[in-house]
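This report concerns only the one structure given below.
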Protein chains: 2
Amino acid sequence: MEHRLEQIKKQLHAQSYKLTPQREATVRVLLEREEDHLSAEDVYLLVKEKSPEIGLATVYRTLELLSELKIVDKVNFGDSVSRYDLRKEGAEHFHHHLVCVECGSVEEIEEDLLEEVEQIVEKDWCFQVKDHRLTFHGVCQHCQESVVESTK
Amino acid sequence: MEHRLEQIKKQLHAQSYKLTPQREATVRVLLEREEDHLSAEDVYLLVKEKSPEIGLATVYRTLELLSELKIVDKVNFGDSVSRYDLRKEGAEHFHHHLVCVECGSVEEIEEDLLEEVEQIVEKDWCFQVKDHRLTFHGVCQHCQESVVESTK
DNA sequence: GTTATTGCAAATTGTTTGCAAGTGC
DNA sequence: GCACTTGCAAACAATTTGCAATAAC
């Protein structure tokens, strides 16, 4: 965790940005809640718990900055809020998501899975793929089980 | 086209919604511009050309309704506006998109391409897939050619 | 005649910006 | 000291809502 923070600090410095206390607090929240898909507001409230003086605009600006540096990815799951998702260390590609239509939970898939599809797109559509966004909508394991349960 | 409209009318009636003149005008615009990915504002302006009395809120409400009935899909390509995309006749799945990072153009892919990936997800993640969203970001054929052109 | 639908304007929501004050090297 | 950064409040843009008027069957 500290290692990750150190790494991010370097990335910022490399582009002559500073890791200010506010930015550090924001990154820490993202690291702690790596599994979640927090909105800017969510991040703001969590950061505020430890650094009450921070402003919402600063959080937005920080997330925007991290997004430009490809440290986080901005995602959107159909609702109107942007969510911010930390890239895994060394990940070249954006990871995929499984969104449960029953309970709204979001699971992540790190595996690429799209290599073949991308080759087809490059060849058949003459489109040079740089990145992708893949989200599946469906029913998560947990909700499948509850349905079985409730029909017993 | 008329056939498509007729079909949509039936779908509406099936859920006891009416195909009012405003709704018809909106659907007509979507049919005419099937290839495009229009925002609500875009649709509004186009509908207004032929039916100047329509209100923006009505267009939003109509698009929302069509979206619930799965006649159109609401998409979002990273910017803050929702775009509305008519489903192809009889399409079970949402189609894919190729978004060019150079010129912003959006191309559609009707082919499924994800059958295998979905099987893997169902099996390895125990996730029951209902639908998907797949977007590739990259460089379209046209922009690739212009780069070659400009470095000649 | 009742119920769904509309148009308008006002309200809401998520996000961005201007700017004066503050901070870090 | 100077450029970068912050917090606040105001501005913005996209979308939604309340409501009285209207239209459909």
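Protein chains get the first letters and strands the later ones, always in sequence-line order, with residue 1 at the start of each.
- Using a 4.0 Å heavy-atom criterion, one finds that Ser39(B) contacts no nucleic acid atom at all.
- Here Gln22(A) reaches the OP1 or OP2 of dG7(D): one of its side-chain N or O atoms lies under 4.0 Å away.
- Between the Arg83(B) side chain and the Phe77(B) main chain, no donor and acceptor come within less than 3.5 Å of each other.
- The listed nucleotides are dT15(D), dT15(C), dA4(C); the one nearest the side chain of Lys18(B) is dA4(C).
- No donor-acceptor contact under 3.5 angstrom links the side chains of Asp131(A) and His137(B), judged on distance only.
- For the pair Arg61(B) and dT6(C), the criterion of a side-chain N or O lying under 4.0 Å from OP1 or OP2 is not met.
- When each of dT15(C), dG24(C), dT6(C) is scored by its nearest atom to the side-chain atoms of Pro21(A), the top-ranked nucleotide is dG24(C).
- Judged by distance alone, the side chains of Glu108(A) and His37(A) do bring a donor and an acceptor atom under 3.5 Å apart.
- No donor-acceptor distance shorter than 3.5 angstrom exists from the side chain of Glu110(B) to the backbone of His95(B), with no hydrogens or angles considered.
- Contact between the side-chain N/O atoms of Thr58(B) and the OP1/OP2 oxygens of dG7(C) is found at a separation under 4.0 Å.
- For Arg23(A), taking side-chain heavy atoms from C-beta onward, the closest of the listed nucleotides dT5(D), dA9(C), dA9(D) is dT5(D).
- Residue Ser82(B) is in sugar-phosphate contact alone, with no base atom involved, counting any heavy-atom pair closer than 4.0 Å across all strands shown.
- Backbone-only engagement by Glu53(B) is indicated by non-hydrogen atom pairs under 4.0 Å involving sugar-phosphate atoms exclusively.
- With the nearest nucleotide of DNA chain D identified for both Thr20(A) and Val81(B), Thr20(A) has the one nearer the 5' end.
- In this structure, of dG14(C), dT17(C), dA14(D), it is dG14(C) that holds the atom nearest to the side chain of Tyr60(A).
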